[in-house]
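Only one structure is covered here, and it is reproduced in the block below.
Both counts, for ligands and for their atoms, begin at 1 and track the order of listing.
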Amino acid sequence: MANTSPNGTMLSLDAKPYAFSFPLEHTALLIIDMQRDFLLTKGFGEIQGGNLEAVQASIAPTKKLLEACRGAGMTVFHTREGHKPDLSDCPSSKLIRQEAAPGNTQHKLVIGDKGELGRLLTRGEYGHDIIDELKPVPGEVVIDKPGKGSFWNTTILHQLKARAITHLIVSGVTTECCFATTIREANDRGFECCGIEEATSGYNDACFKKSTLDMIHWSQGLFGYIGGLQPLLDALSPLSSKGPVANSTPPQTPPMFDGDLTISALQQAYKKGLSPITVVEAIYEKIEAYKEIDPAVWVHLQPREAALDAARQLVSTYPNRNALPPLFGVPFSVKDSIDIAGLPTTTACPPLAHVPSTSAPVYDKVIAEGALFIGKANLDQLATGLVGCRSPYGIPHSVYHKDYISGGSSSGSTVSVGANLVSFSLATDTAGSGRVPAGFNSIVGYKPTRGTISFRGITPACLSLDCIALSTKTVSDARTLWQILEAHDSLDPYAKPEMGFERHINSIGPQSRTFKFGIPPPEALAICSPPARRMFNETVSKLQAIGGVLTPIDWSPFQKAGQLLYDGTFVSERLASLPDDFLAKNRAALHPVTAQLMDAVVARKSSAVDAYRDLQAQALYTRQAEKVFAYSASGVDVVVVPTTPTHWRIDEVLADPIKKNSILGEFTHCGNVLDLCGVAVPAGTYSVKELSGKEGDEGVLPFSVTFLGGSRLDAEVLEVARRFEEGGMV
Ligand code: TIU
């Protein structure tokens, strides 16, 4: 049974204790430990005395289940139980207890010992890997777990939340051990789980398996649901075209490119046979045409032939369109403060230009996933500014209006996405540089929690606040990139610890229909233009209409943190990133506004005492803001702000460059100072004349709101933003 709901396609199957309903887009298939060590002869399981015939009964049904879920385009997770070769992650409870049993005859070989399939349950060994029949394909997640349950000491909760998963279809081995433990762990973290009876089995008799499954659904579903394979296959079969179909051949006539550059649309189109060569040809036509409209987008454009070569290379590297990496053939731009080996990084500051020999990890990662590099995008000099008017390579304008600013500092990045020249851009955000220009070009600007994506290989603006920003067309595309890029980089001194404490899924959970949000008080919103105020009020109503509960918050830490960035010593850190004599030597070569800003920083003569006071204030406001987002009766899921108070004309900024710039950061600066994550999302348009007050002015301008969340609450923030994007346009 399928129907659509605010959460997408709802499916349902008969199960115990009652029907299991699940939203397809928020459901993952979780296949537990289908490893050679557990399923094949001479593996760990057999050595420990397990009944191999019983456990192998799960293989064929699990294969059917996996194919059906892939066919429906469902998210797939696999787990593998095992340990580091030095066994440092293997506790004695696993290593010794069974072996030490009086009269033990079964556990003569233990984890780490040499068996015929390699060292038992040891990562990297043949026996540790998943059986050939169920081999993961690109895009599927493999979780290596040291425990029986899948959640202990792994990133699975984070990775499921990152994909907005709330429901799990669970299969795998062994029923009595890792399957059951995982369902219990998942249940405690808020997931709705349905185990599939035929697709799990254990090392014991049928009675033992039945008892294990009964314990899961007993008492009206104490831990979850148990369903049959056929009812699930029946529920999924109408959707079988959504994902890769085994052994299908490409159509004779490849599909036309419809111009939709969202990552999700390109993924579908490439699966159906579209060639990335067609896409490259189409976008170079558009890029050439757009140079007439705005010649200031690019600092470096890849030659068309080079991009075509890269596309041809991708086609030959990935001949199977059913096993493409997630960014296969997805065109992107890069802010020109991010290193790409062999190309100059200018940071829009020619005296600082250098040609790096290695690329930033963020660039390498998207290339490794099949993305197509198109060019390096313009920016405000030294990534300093929110306007887009401070570059020697020209002033890009909003894709909506030639007289209005594009915003900055990621000006070219956001225009290249807003003008539909590329699918996404790798940008940065130090004080709003990813969010402000996203707002002025009606795209999504996502600033993840700082330190969760590597910032190596990037010219710093203010290193302790700098953060990668992702410029995309949709929240879902931002989420896709975030999943690919997010990883602990031990060489990045500002990296967050590898595993953060993850809250259970709540505001984004299976039962949630509401979320709590706070907004700035009226006196803080008074800085906004009349259309920005009107549209912000309408946004609040829209949020309430989609389940948002407006909740009072203490705005003061956000406001004070913003002031700290305007008036405090953080601006001195911009100088700390430059060579000592840089200003003296290069003043004449700098953009006049950059020179003026840097001179003002020097003239302040801030002391170390001033800097420490600011650091202490930052810590205090950060703790205060954490309370706003705390998991408590008064805590909110997101704070919603206008991305900018207004939209300036280019001539207005040129006449008053510093003040006009600082006003734009009113609602973004706090995000960096308080270690928040945030995503700017388009929220409709208004007429230019409503802003200018001049009847004769034509055209419209975009309005944008930003959803701010606490540190590492990215999954929650993106989910609320998705709900707004899909249901809340004003
Ligand atoms: N021993 C046993 O039944 N199982 C395991 O050790 N791991 C899993 O269940 N995967």
* Asked: Using the benzene-type ring in the case of Trp, are the ring centres of Y18 and Y225 under 6.0 Å apart?
  -> yes
* Of all pairs that satisfy salt bridge (charged side-chain N to carboxylate O under 4.0 Å, His left out), the ones with a partner from residues 26-54, not counting sequence neighbours -> D33-K145, R36-D132
* Asked: Does a salt bridge link K209 with E176, judged by any charged N lying under 4.0 Å from a carboxylate O?
  -> no
* Asked: Near D33, which atoms of ligand 1 are under 4.0 Å from a heavy atom of that residue?
  -> 8 (C), 10 (N)
* Asked: With sequence neighbours left out, which residue pairs that include part of residues 33-83 fulfil the ring pair (Phe, Tyr, Trp, His ring centres under 6.0 Å) condition?
  -> none
* Below 3.5 angstrom, do we get any N/O pair linking C178 and ligand 1? -> yes
* Quick one: are E125 and L120 in side-chain contact, heavy atoms under 4.5 Å? -> no
* To do: Out of T200, T182, T174, indicate the one that has the non-hydrogen atom closest to atom 3 (O) of ligand 1.
  => T174
* Between K148 and ligand 1, find which residue part has any heavy-atom pair under 4.0 Å and reply side chain, backbone, both or neither. => side chain
* Of the backbone atoms (N, CA, C, O) and the side-chain heavy atoms from C-beta on, which set of I32 has a member under 4.0 Å from an atom of ligand 1: side chain, backbone, both, or neither? -> neither
* Geometric N/O contact E81 with ligand 1, under 3.5 angstrom -> yes
* Structure fact -> among protein heavy atoms, the one nearest atom 1 (N) of ligand 1 is Y203 CE1, 4.3 Å
* For Y631, is the NZ or CZ atom of R503 found under 6.0 angstrom from the centre of its six-membered ring and inside 45 degrees of the ring axis? -> yes
* Structure fact -> Near V173 (heavy-atom distance under 4.0 Å), the atoms of ligand 1 are 8 (C), 9 (O), 10 (N)
* Which residue holds the protein heavy atom closest to atom 4 (N) of ligand 1, what is that atom called, and what is the gap in Å? -> C177 SG, 3.4 Å
* Quick one: do the D675 and S711 side chains pair a donor with an acceptor below 3.5 Å? -> yes
* Heavy-atom distances under 4.0 Å are what count here, so tell me which part of F179 touches ligand 1: side chain, backbone, both or neither. => neither
